[in-house]
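Note sheet for the following structure.
Chain letters run A, B, ... following the sequence lines, proteins first and then strands; every chain starts at 1. Just so you know, these numbers come straight off a predicted model, no measurement behind them.
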Amino acid sequence: MSTEALLTSSIGSFPKPEYLTKARTAFQQGKIGEPELKAVEERATRETIAMQEELGMDILVDGEMYRGDMATYFAENTDGFAISGLVRSYGNRYYRKPILTGPVRFRGPITVDWWKWAQSLTSKPMKAIITGPYTMMDWSFDEHYASRREACLDLARALHEEVRALAAAGAKYIQIDEPALSVRVDELDTAIDAMAIVTEGIRATTLTHICYGTFEQIYPRMLDLAVDEFDLAMANTGFALVDHFARHPFTKVLGLGVFDVHSHKLETVDQMRAGIEKTLQYIPPERIRVVPDCGLKTRTWDEAKAKCANMVQAAKQAREKLAGAGVR
Amino acid sequence: MIASALGSYPRIGEGAEAQQLRRSIQKFQAGGMTREALTGVENEVTAEAIAEQEAAGLDWLTDGLVRWEDGQTYFTDRLDGFQRGQLIRYFDTNTYYRQPVAVGSVRWKAPISVEDWKFAQGLTKKTVRPVITGPYTLSRLSENAHYGDFESFAADVAAALHEEVRALEAAGAKRIQIDEPALVQDPSDEPLAKRLLARTLAGTRAEIWVALTMGSPAKLIDRALEWAVAGLWLDCVSDGAVVERLASRPAAGAVKLGLGIVNARNTRLESADALRETLTRVADRQGLERVVATTSAGLEFLPRDRAQQKLARLSEAAHTLGAGARS
C-alpha cells in the first residue's frame, strides 16, 4: 500500500482558546495593541500545531487563530472592500460582512508570513488556506460591480497573486475554500472560470473545500474546477454523496469528511471507519485523505481534539485492514 | 400607496445597547438567565423593531420575527412529530438552520405565534401582520423520516398550520402572511403547493398574503394570481422579469401585488426616485390601489442601520404615489 494512502488532515479552523477570545475582545476595545494580540495568536497557533502532531495527523493547518470570519479576513486585506455592520450567520452568531465598494485589487501578501512561520514550527507539511473568489463574491454585499461574474473574476485575479506568493514561499498544499459553491448551479461556470484564474501555472497541490449544499446538483460538473483535490462534507449526510460516485466516477483526490463539525456528539472510530470503507469501494486509498466535514471553530477544544483523535484512529485501522488484505 | 415590511427585522445593531438580545441568548444558553428574563428582552427588541418600522414610515408592520431562531424551527419545535436534525444552509444564503426531521405524525398542539403577535399588535395602532411559514416550504425544508411519501407528510403539516391560522384569527388577526419561498425554487410544484395552501386556509376569513421570495417568482406569478388569497408578496429584485411582466399587461383577477423592489440582500441603497419609477410603471398598468411597496425579502440579511435607511426610502417612494387605505 502506498505511504500516501488515507493521509489525515483538517479543513482549516480550530477552536479559539478562551485566552485568545478574551485578547481579541480586549484588542477591539483598545485595551491591548497589535503586538500583544499577535503574541497570543502565536501561542494559540503553536498549541494547535502541537495538538495535531500529538494526534499523529499527516498534513497540518495553522488553525486560523488570527482570522475572524473567513471572507471578512481577506476583504480587510484587499483593496476594493469596506466592512459592514453586524449581520446574522445562524442561531445567535453574527459577523461583519464584506462590502464591495470599488475594483478589487491585490494589496500585498495576506497569509504568506503566517504560513511561513507556521511551517517553521513543524517538519510535516503545513497547508496554506485562502477563501476562494466565488465565495468571497457570494458572501459580500456588492455596491460596485455590474454583475456577480465580473466581481468574481476580479477577485480571482487578486487571489491568484496570493496563491502565487504562497507557492513561491514553498507551500506544497494550497487550499482555496469555496463553501458557497454548492448552492447556485447556474453560476458553476463562473466559479470554474474563476478557479482556473486562481490556480493557473501553480505547481503546488491545489485543493478546494465545499460544504453544506446540494452536491447532487453540481456533481460531476464540479470536477472541472481547476484543483487537484476536493475536501467535502460527507459525514453530515451519512456519506450519501458516495452513492453519486457509483454513477459518475470521482476523478480527483477526495478529502473525505468523516465527522460532523456542528454536533457535540463524538462519532466513534467504527462510524468513521465505516465511512472510509464505503468510499473505498469507489476511490483507491492513495486518492483519499481523511478530514473533518468542515472547519472546527464552532467546537470546544476538547471536542475537536477527541473527534480528530478518533479520525486518526479510523484512518489507521482502515490502512491496517487494507495492508492485511494485501492492497498495494 | 402603502409601504409594508416583509417579515424579519435585524435583531441586533451596533453598540452594546443594540446587542442585548445576542448577549441575553448567550446567557440563557449558558444557564445564567431564566426563560422569563429572556422573554422580557425579546419583548424589548420587538418594541424596538416596531418603533423603527414606524419611524421609517411604514404603514403595515410585522413584529420583526425577533423571536424566531429561523423560519422552520420556530414552528416545528412547537408541533408534535418533529425533532431537530443537521445544520443546513437556507437557500442560497450564508445563513444556516437546524433542519427539522419528522419522526412521527405531525400534529398541532397549541398556539405557536399567537401570544407573540398579540404582544406586538398591542404596541401600535398600525396593523401588525403575523407571519407563518407555509405548508409547502415547511415540509420541503424539513426531512421526512416518518411518512411514506412527501404529499402525506405535507398534508399533515398543512393541517397543523390550519389550526395555527384559526388560532390567530380567533385572537383577532385580520391580515396574515404565509411564506412560501421554497416554491420559488421549484415552480413545477405549484399545483401541490396550491392544494396545501387550500388545506391550511380552509374556512379562513382573514386577509391572506403569500410571500414568494428568495428568488424570482417570474414563472409562478400568473398561476399564483389565481389563488384564493388577498395578495402576493413578490421578490422583484432577483429577476427584472417580474416587474416587466406586471408593467406590460394587466394581471388577471383582483389579487393585490406586493412589490419587493428594495433589495433586502444587498447594502447598495436604492434611490427613492428609482423606486418611485418602478412603482409607477406597475401601478399605471395594474392600478394604484392594487399595488403595495415592500422589500424583496425579510431584512435580517442586512445590518440594522442600512435596513432602516432602506425602509425610509421605500416609504418615501410609496407615499408620494397617492394615498392608500393605510390600515
Honestly, the part of R98(B) sitting under 4.5 Å from a heavy atom of chain A is side chain
Rounded to the nearest 0.5 Å, what separates atom CD1 in I99(A) from atom CZ in R306(B)?
7.0 Å
Just checking, any donor-acceptor pair under 3.5 angstrom between side chains of T267(B) and E143(A)?
yes
Structural part of Y94(A) lying under 4.5 Å from a heavy atom of chain B:
both
Heavy-atom cut-off 4.5 Å, strictly under: side chain, backbone, both or neither for D260(A) against chain B?
neither
Could you look at Y96(B) and say if it's the side chain, the backbone, both or neither that has a heavy atom under 4.5 Å from chain A?
both
Could you tell me which portion of R88(A) (side chain, backbone, both or neither) has an atom closer than 4.5 angstrom to a non-hydrogen atom of chain B?
both
Check whether R93(A) gets within reach of chain B through its side chain, its backbone, both or neither, counting any heavy atom under 4.5 Å.
neither
Side chain from CB out, backbone as N, CA, C, O: work out which of these in E300(B) comes under 4.5 Å of a heavy atom of chain A, or both, or neither.
both
Considering only heavy atoms, which portion of L86(A) lies under 4.5 Å from any heavy atom of chain B: side chain, backbone, both, or neither?
both
Could you tell me whether the side chain of N266(B) and the main chain of F141(A) form a donor-acceptor pair under 3.5 Å?
no
Could you tell me the separation between the CG atom of N92(A) and the CZ atom of R11(B), rounded to the nearest 0.5 Å?
8.5 Å
Residue part contacting chain A, namely of Y90(B), when any heavy atom lies under 4.5 Å:
neither
Listed by residue number, which members of residues 71-81 of chain A have a heavy atom under 4.5 Å from any heavy atom of chain B?
none
Chain B-proximal positions within residues 264-272 of chain A [heavy-atom distance under 4.5 Å]
none
Atom SG in C211(A), atom CZ in R89(B): separation rounded to 0.5 Å?
6.0 Å
Please classify the contact of Q19(B) with chain A as side chain, backbone, both or neither, using a heavy-atom distance under 4.5 Å.
side chain
Taking atom CG of L87(B) and atom CG of N236(A), what is their separation to the nearest 0.5 Å?
8.5 Å
Find the one option among E14(B), Q86(B), R22(B), E69(B) whose heavy-atom pairs under 4.5 Å with chain A are most numerous.
R22(B)
